[in-house]
Amino acid sequence: MCDVVIIGAGLGGMSAAYEIKDALGSAHRVTVVGEGGLFSFTPSNPWVGIGWRKPADVQIDAASALGRHDIAFVDSPASAVHPAENRVLLQDGRELKYDYLVITTGPRLAFDEIPGLGPLDGYTQSVCTTAHATAAWQAYEAFLKAPGPVVVGAAQGASCFGPAYEFAMILDTDLRRRKMRDRVPMTFVTPEPYIGHMGLGGVGDSRGLLEKELRQRHIKWITNARIDRVEPGLMQVSEHDAHGQVLEMHALPFVYSMVIPAFTGVAALRGVEGLVNPRGFVLIDKHQRNPAFPNIFSAGVCVAIPPVETTAVPTGAPKTGFMIESMVGALAANLKAVIDGRPATAEATWNAVCLADMGDSGAAFVAIPQIPPRNVTWAKQGKWVHLAKVAFEKYFMHKIRSGNTEPVYEKYVMKALGIERLKPTTQPGATPPR
């Protein structure tokens, strides 16, 4: 019997637990290590931050859900990983030994890299966690009593731009519904070289689509932006040219601000030679496996993926929800193969599918694969995207409650769009011209 330990109980960790248990059956033990007892559906956090969802709407008791499938849950995050000794230390002092380790921790939020950034020791809000989004809603309630300028966006080094765009659009929609939008000047700041870059070099006509949307909503923007520091009610931003030289300095007043920070690897992994890169992200091969420690696999935001391209102000490559599920599918298949004494051959497609809600509309972006050059790339807008994101929330929450590793929505709708989780084991040859 093998002991498989999964550290992290978010989108990647919970999906990995179910898929691995389904693949391995009762012959092997699976244990999930989480921080707090709740699974949170992170993509819904912008709605929580604006009061359109309550925390209980997007959270599930992890231990109960996992327990129904004979998966153990440990409610204490990892404090250190010792891969040479096959053990994980927990913050409560306990130690877990493993035969195989799966790392799905998600990121550390690097608010500390910019003075004054963040909801704890700074002056900006966040929707990166449900707790942060709850605090953002409380701050928004206070803001509604005395509205003023708003600054929304992403910090240099950020790799998750969708929630920043979503939050700006949702905030605009909510203020219009309250008949208060005329009292709230809004500015969007981003390190992207242009609106709609998304850390992906653009997806279809994402630039035209999102620029048009921001113009229609009277939201000004600053691209190639570096947030230098945040003071009470004031954000200092330097705008750069394509060569990284400062073009203009901006002092942006705000009464309310929400900024997505850069990410790093979590503290438990930082500095482990051979396991992570200098930023603490887990090094993996094409089979989701760490090259230095072959009994360690990883998936999700915590894996090391180089930027799609060099930009004047640093940007990272995003890891979307479906891309994470693609990684998990390959990981589970390869872990099963290795335990059975077979070689790891499964490869994730890394297809990027993003449903960005705009409050009263939405934008969908598909990049197949995520890293250029691509076979398919498109961006579309419409009310249907808003409805699709609501449906995706309900589907994924049901998936976590039920432990169903491939519900109907995923199996048929995604495949109808030509979106697969795993690459075929053999690539067909090209047909020669006649």
Side-chain angles (χ1 to χ4, degrees), residues 105-118 122 124 126-128 151-168 187-203 206-207 210-211 221-230 235-250 252 257-267 269-271 276-284 300-320 323-324 350 352 354 356 365 367 370-372:
T105 59
R108 170 185 170 269
L109 307 175
F111 295 114
D112 58 319
E113 294 183 345
I114 300 174
L117 190 72
T124 61
S126 162
V127 292
C128 293
V151 178
V152 175
Q156 56 270 21
S159 58
C160 190
F161 298 96
Y165 284 106
E166 281 191 300
F167 195 81
T187 304
F188 189 85
V189 298
T190 177
E192 299 163 273
Y194 53 83
I195 291 297
H197 180 275
M198 308 288 285
L200 292 169
V203 180
S206 55
R207 179 174 187 169
L210 289 172
E211 281 190 356
W221 67 78
I222 303 171
T223 54
N224 279 324
R226 181 184 293 272
I227 301 173
D228 298 311
R229 67 182 184 278
V230 185
M235 184 179 294
Q236 301 288 352
V237 175
S238 53
E239 181 182 358
H240 297 70
D241 64 16
H243 304 289
Q245 301 300 309
V246 176
L247 279 177
E248 187 176 352
M249 300 297 296
H250 302 269
L252 303 177
S257 178
M258 196 293 296
V259 176
I260 301 296
F263 296 160
T264 73
V266 299
L269 306 176
R270 298 288 293 270
V276 297
N277 70 8
R279 291 284 285 178
F281 293 110
V282 181
L283 300 168
I284 57 170
V301 182
C302 61
V303 304
I305 298 179
V308 169
E309 61 185 10
T310 301
T311 53
V313 180
T315 59
K319 297 114 179 177
T320 67
M323 183 182 176
I324 293 172
W350 286 20
C354 177
F365 307 96
Q370 184 186 49
I371 309 300

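The structure presented is a predicted model; accordingly, all values stated were derived computationally and were not measured.
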Check: N224 and L247 side chains under 4.5 Å, non-hydrogen atoms: no
So which atom in V259 and which in A155 form the shortest heavy-atom distance, rounded to 0.1 Å? CG1-N, 3.7 Å
Looking at V152 and A164, what are the two nearest heavy atoms and their distance? CG1-O, 3.5 Å
Are any non-hydrogen side-chain atoms of T264 and E113 less than 4.5 angstrom apart? yes
Interatomic distance, CD@Q236 vs CZ@R229, rounded to 0.5 Å, equals 4.5 Å
Side-chain donor/acceptor of T124 to backbone N/O of G118, under 3.5 Å: yes
Which heavy atom of C160 sits nearest a heavy atom of I260, and at what distance? O-CG2, 3.5 Å
Stepwise side chain to side chain contact (heavy atoms under 4.5 Å, CB included) test for I305 and M323: CA-CA 12 Å; I305 298 179; M323 183 182 176; 3.4 Å; yes
Kindly indicate whether the side chain of M235, heavy atoms from C-beta on, has any atom under 4.5 Å from the side chain of T187. no
With a 4.5 Å heavy-atom cut-off, do F161 and P191 have their side chains touching? yes
Does D241 have any side-chain hydrogen bond (donor to acceptor under 3.5 Å, both in side chains) partners at least two apart in sequence or in another chain, and if so, which? none
Do the side chains of D228 and M249 get nearer than 4.5 Å, heavy atoms only? yes
Can you find a heavy atom in the side chain of V301 that is under 4.5 Å from one in the side chain of T105? no
Whether S206 side chain and G196 backbone form a donor-acceptor pair below 3.5 Å: yes
Can you tell me how far OH of Y165 sits from OG1 of T190, rounded to the nearest 0.5 angstrom? 5.0 Å
Just wondering, do L200 and F365 contact through their side chains at under 4.5 Å, heavy atoms? no
Atom CZ in R226, atom NE2 in H240: separation rounded to 0.5 Å? 5.0 Å
Rounding to 0.5 Å, atoms CG (L210) and OH (Y194) come to a distance of 11.0 Å
Side-chain heavy-atom pair T223, H197 within 4.5 angstrom cut-off: no
Gap between atom CE of M258 and atom SG of C128 - 0.5 Å precision: 7.5 Å
Determine the minimum heavy-atom distance between V308 and A317, stating which atoms define it. CG2-CB, 4.2 Å
Without swapping roles, check the side chain of R279 against the backbone of F263 for a donor-acceptor pair under 3.5 Å. yes
Distance-minimising heavy-atom pair for P261 and A158: O-CB, 3.8 Å
Donor-acceptor check, side chain of Q156 to backbone of I227, threshold 3.5 angstrom: yes or no? yes
Please confirm whether the backbone N or O of V151 pairs with a side-chain atom of S257, one donor and one acceptor, at under 3.5 Å? yes
Nearest heavy atoms of A312 and G244, plus distance in Å: CB-N, 3.8 Å
